[in-house]
Number of protein chains: 2
Amino acid sequence: MTDPTAPGPLAATAALMADPARARMLTAMMSGEALTAGELARIAGVVPATASGHLARLAEGGLIVVHAQGRHRYHRLASEEVAAVIETLGGLAARIAPPRPWKHGETARQSRLCWNHLAGRLGVTLHQRLTGAGWLTPVPGGWAASAEGRERLAATGVDLDEAMTAKRFACDCMDWSERRPHLAGGLGREIATAWLTRGWLRRLPGNGEGDVLARRRIAVTPEGARGLHEGLGLDAA
Amino acid sequence: MTDPTAPGPLAATAALMADPARARMLTAMMSGEALTAGELARIAGVVPATASGHLARLAEGGLIVVHAQGRHRYHRLASEEVAAVIETLGGLAARIAPPRPWKHGETARQSRLCWNHLAGRLGVTLHQRLTGAGWLTPVPGGWAASAEGRERLAATGVDLDEAMTAKRFACDCMDWSERRPHLAGGLGREIATAWLTRGWLRRLPGNGEGDVLARRRIAVTPEGARGLHEGLGLDAA
DNA sequence: ATGATGCTTCGGTCGCGGGGAAAATGTGCG
DNA sequence: CGCACATTTTCCCCGCGACCGAAGCATCAT
């Protein structure tokens with residue numbers, strides 16, 4: 001017989017996110033960056049020894065993957081699904097426990113990264129523009145790019161071939177701050193990386209420790225605003 | 001100063017799902033039913049006193065709502081968001097910890113309820129049919145029903161006016177077993193309730209305690225198969 | 001009234017797991 | 001080779017919380 005007191009997969013996975021230190025580590029990794037154990041220890045506010053234990057459990061549980069390089073060990077989220085769970089859970093938590101009166105407009109809805117793609121105000125505006133203009137057309141389970149869409153996106157530096165290699169070319173990811181979908185999948189990833197390397201977007205410093213969006217904030221640079229307007233007819237507010 | 005060891009909303013919410021007994025209760029409530037404290041105690045495998053404490057914490061945390069009626073207290077999930085988190089988290093957990101070789105085809109992908117709408121094989125097939133036939137057309141943030149779509153759906157007994165009263169008329173909800181979207185929102189709710197009351201669908205008994213889909217399984221009745229075929233051109237395998 | 005049922009509150013036990021200190025391992029560098 | 005740094009491992013402490021039994025309230029039945 002199976003142990004009736006066994007945690008069950010759902011509870012076991014939830015338990016991995018239920019510790020404050022681990023939760024801080026995971027939210028930090030939502031920036032898409034690969035972070036070393038030492039950095040994560042500081043972020044989580046614990047001594048390296050403690051952090052090491054937490055990271056071992058997260059890796060054991062399959063939520064993160066570790067890449068050893070020299071004497072550093074880089075940690076990042078394991079998959080799109082993990083990011084989706086953290087994003088959804090974070091959104092629910094934020095709605096349940098309004099953290100300090102909540103300067104909703106200026107803090108949470110701000111443009112941000114969701115693991116490897118764009119979210120927040122910019123993410124949903126982009127989604128709306130691409131689909132509204134017919135550059136992305138609905139297909140079962142996601143979106144495909146039209147001829148003009150491919151041309152427009154390629155002109156902004158997006159590597160569409162690379163985007164094709166993902167399991168999903170383009171699909172929706174629910175945005176909890178805007179409550180509308182933004183773009184995920186291979187295309188979402190390539191857009192974010194292309195515009196970041198091109199200097200159209202830049203990462204913003206997180207403000208303080210308990211920041212829900214730590215390391216995830218981004219902003220549109222002046223060149224980015226120009227490029228988005230000219231290339232996609234998109235006005236980033 | 002704020003306490004640097006404070007759990008943070010994400011960890012606090014995750015902790016509510018991290019207990020085996022509470023997780024069993026929440027998954028049971030994913031059937032959309034309102035369950036009494038006693039039923040939930042038996043489902044969770046704990047004594048009523050313990051269950052009462054758990055339910056108080058879940059209500060306090062905003063994950064469930066309680067409705068007192070006579071000497072019973074009915075508990076159900078608080079919102080669509082809560083259901084989405086549990087569904088997503090359950091999907092991730094199932095993928096991480098393949099529970100017993102996993103008879104994927106026959107168990108998990110089976111048609112089921114996702115809080116108040118259809119999921120699983122039937123859910124995604126329906127989604128595909130409604131959108132593919134043009135009966136639902138994409139609009140920002142979800143779907144709208146075309147004239148023919150409204151007619152077809154009304155013919156199957158769906159109350160479209162009632163569906164309109166929801167915050168969202170129709171939107172996607174990621175299906176973790178099929179890995180494609182199924183239909184949520186007011187329309188998803190009305191479809192499920194209409195077809196259940198009409199006898200096109202019926203609830204199946206859950207098999208055993210540790211059942212991930214406890215109380216969520218549904219099946220298409222013979223009349224349902226006929227009605228879906230004639231009304232929507234849908235063949236429920 | 002008396003009892004039965006459903007649920008909650010209280011009191012107490014106990015184990016799990018998060019915390020840090022110190023030591024061990026492993027890697028790069030002069 | 002020997003030192004410095006990043007990380008892990010081991011060990012122990014300690015508090016939170018899950019659990020149950022018993023008692024306390026409600027509500028419904030006879």
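In the text below, chain A, chain B and the rest are named by the order of the sequence lines, each starting its count at 1.
A cation-pi geometry, defined here as NZ or CZ lying under 6.0 Å from the six-membered ring centre and within 45° of its normal, holds between Arg198(A) and Trp200(A).
Side-chain contact check for Arg121(B) and Ser177(B): no donor-acceptor pair (N or O, by modelled atom type) lies under 3.5 Å. Under 3.5 Å, the side chains of Thr88(A) and Trp176(A) contain no donor-acceptor pair of N or O atoms. Between the side chains of Asp175(A) and His127(A), no donor N or O sits under 3.5 Å from an acceptor N or O.
The CG atom of Asp19(A) sits 15 Å away from the C1' atom of dG20(C) (whole-angstrom rounding). Atoms NE2 (His72(B)) and P (dC7(C)) sit 6 Å apart, rounded to a whole Å. Taking atom CG of residue Leu16(B) and atom C1' of nucleotide dG17(D), one finds them 13 Å apart after rounding to whole Å. The CZ atom of Arg24(B) sits 12 Å away from the C1' atom of dA18(D) (whole-angstrom rounding). Nucleotide dT9(D) holds its C1' atom 16 Å from the CD atom of Glu60(A), rounded to whole Å. The nearest whole Å value for the distance from the CZ atom in Arg22(B) to the C1' atom in dC19(D) is 12 Å. Here the P atom of nucleotide dC7(C) and the CG atom of Leu35(B) are 11 Å apart, to the nearest Å. Going from atom NE2 of His54(A) over to atom P of dG17(C) covers 12 Å, rounded to whole Å.
With dG21(D), dG20(C), dG17(C) as the choices, the nucleotide that has an atom nearest any side-chain atom of Ala49(B) turns out to be dG21(D). Of the candidate nucleotides dG20(C), dT9(C), dG17(D), dT9(C) has the atom nearest to the side chain of Ser52(B). Closest to the Arg71(A) side chain, of the nucleotides dG28(C), dA18(D), dT8(D), is dG28(C).
Contact check for Arg202(A) versus Leu204(A): side-chain heavy atoms found under the 4.5 Å cut-off.
Side-chain to base pairing of Arg73(A) with dT7(D): no donor and acceptor N or O lie closer than 3.5 Å to each other.
Heavy-atom distances to DNA chain C give each of Val47(A) and Gly70(A) a nearest nucleotide, and the one nearer the 5′ end belongs to Val47(A).
Taking side-chain N and O atoms only, Thr50(A) has a distance below 4.0 Å to OP1 or OP2 of dG20(C).
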